[in-house]
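The basis for the numbers below is simple: all heavy atoms, side chains too, and nothing from hydrogens, waters or symmetry mates. Model, not experiment: these values are computed from the prediction.
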Amino acid sequence: MMSSTTIHPRASDEACVLAYAMAEALVSSAPDDAERLYGELCAAEPRARSMLIYPMMIAAQRNRLLDFYRDLRENDPDNHLEIQALCLHRLGDPGWERVARQVEATHADPVVQRAMRELMGQPEPLQ
């Protein structure tokens, strides 16, 4: 098992175990279990609330991704454009690429930038 520092340098062992259990629930297509574990993870590690990829995946497994996307756009002051790009891509909306390019060009996190490039099929930085 990986250490808690693999999840986050200051994550507790409990948060690490919950994160892995939640990921396993998602892989097993068990969105109810994943949602419960996400709630427990957020209680154990409040920074996990900002990891919207998990509720996005839960919504996708419940065929509620469009609702999740609309709620994110209307109610999230931080916008989370990287999550919006993933939602639009998964929904088959052609606007996903415009959003992904914007994220790739402006996001401060190089991991997010690379994820957007990979989503667009461009592993190298855009020029």
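Nearest heavy atoms, Tyr38 versus Met51: OH-O, 3.8 Å. The two atoms that bring Leu41 and Ala15 nearest to each other are CD1-O, 3.4 Å, heavy atoms only. Minimum interatomic distance between Cys42 and Ala48 (heavy atoms only, all atoms of both residues): SG-C, 3.9 Å. Cys87 and Leu65 get closest at one heavy-atom pair: SG-CD1, 3.7 Å. The minimum heavy-atom distance between Leu37 and Leu18, with the atom names listed, is CD2-CD2, 3.9 Å. Counting all heavy atoms, side chain and backbone alike, Gln61 lies closest to Ser29 at OE1-CA, 3.4 Å.
Atoms CZ and CG, on Arg62 and Asp67 in that order, are 12.0 Å from each other to the nearest 0.5 Å. Here the straight-line distance linking atom CD of Glu14 with atom CD of Glu40 works out to 8.0 Å at 0.5 Å rounding. Distance CZ/Arg64 to CZ/Arg70: 10.0 Å, rounded to 0.5 Å. If you take CE on Met56 and CG on Leu26, they are separated by 10.0 Å, rounding to the nearest 0.5 Å. Note that CG of Leu66 and CG of Asp71 are 11.0 Å apart. Values are rounded to the nearest 0.5 Å. Taking NE2 from His107 and NE2 from His80, the interatomic distance works out to 8.5 Å, rounded to the nearest 0.5 Å.
Using a distance-only test at 3.5 Å, with no hydrogens or angles considered, no donor-acceptor pair links the side chain of Glu97 to the main chain of Met120. A donor-acceptor pair under 3.5 Å is absent between the side-chain atoms of Tyr54 and the main chain of Ala34, judged by distance alone. Side chain of Asp93 to backbone of Gly95: a donor-acceptor contact under 3.5 angstrom is found. For the pair Gln84 (side chain) and Leu72 (backbone), a donor-acceptor distance under 3.5 Å is absent.
The closest side-chain heavy-atom distance from Asp76 to Leu52 is below 4.5 Å. The shortest side-chain heavy-atom distance between Arg101 and Gln122 falls under the 4.5 Å cut-off. You'll find the side chain of Asp33 reaches within 4.5 Å of the side chain of Arg36, heavy atoms only. When side chains are defined from C-beta on, Arg114 does not count as touching Met116, because their heavy atoms never get closer than 4.5 Å. Ile83 has its side chain within reach of Phe68: a pair of non-hydrogen atoms, C-beta onward, lies under 4.5 Å apart.
The 12-atom threshold is not exceeded at CZ of Arg73, counting heavy atoms of other residues, nucleotides or ligands nearer than 6.0 Å.
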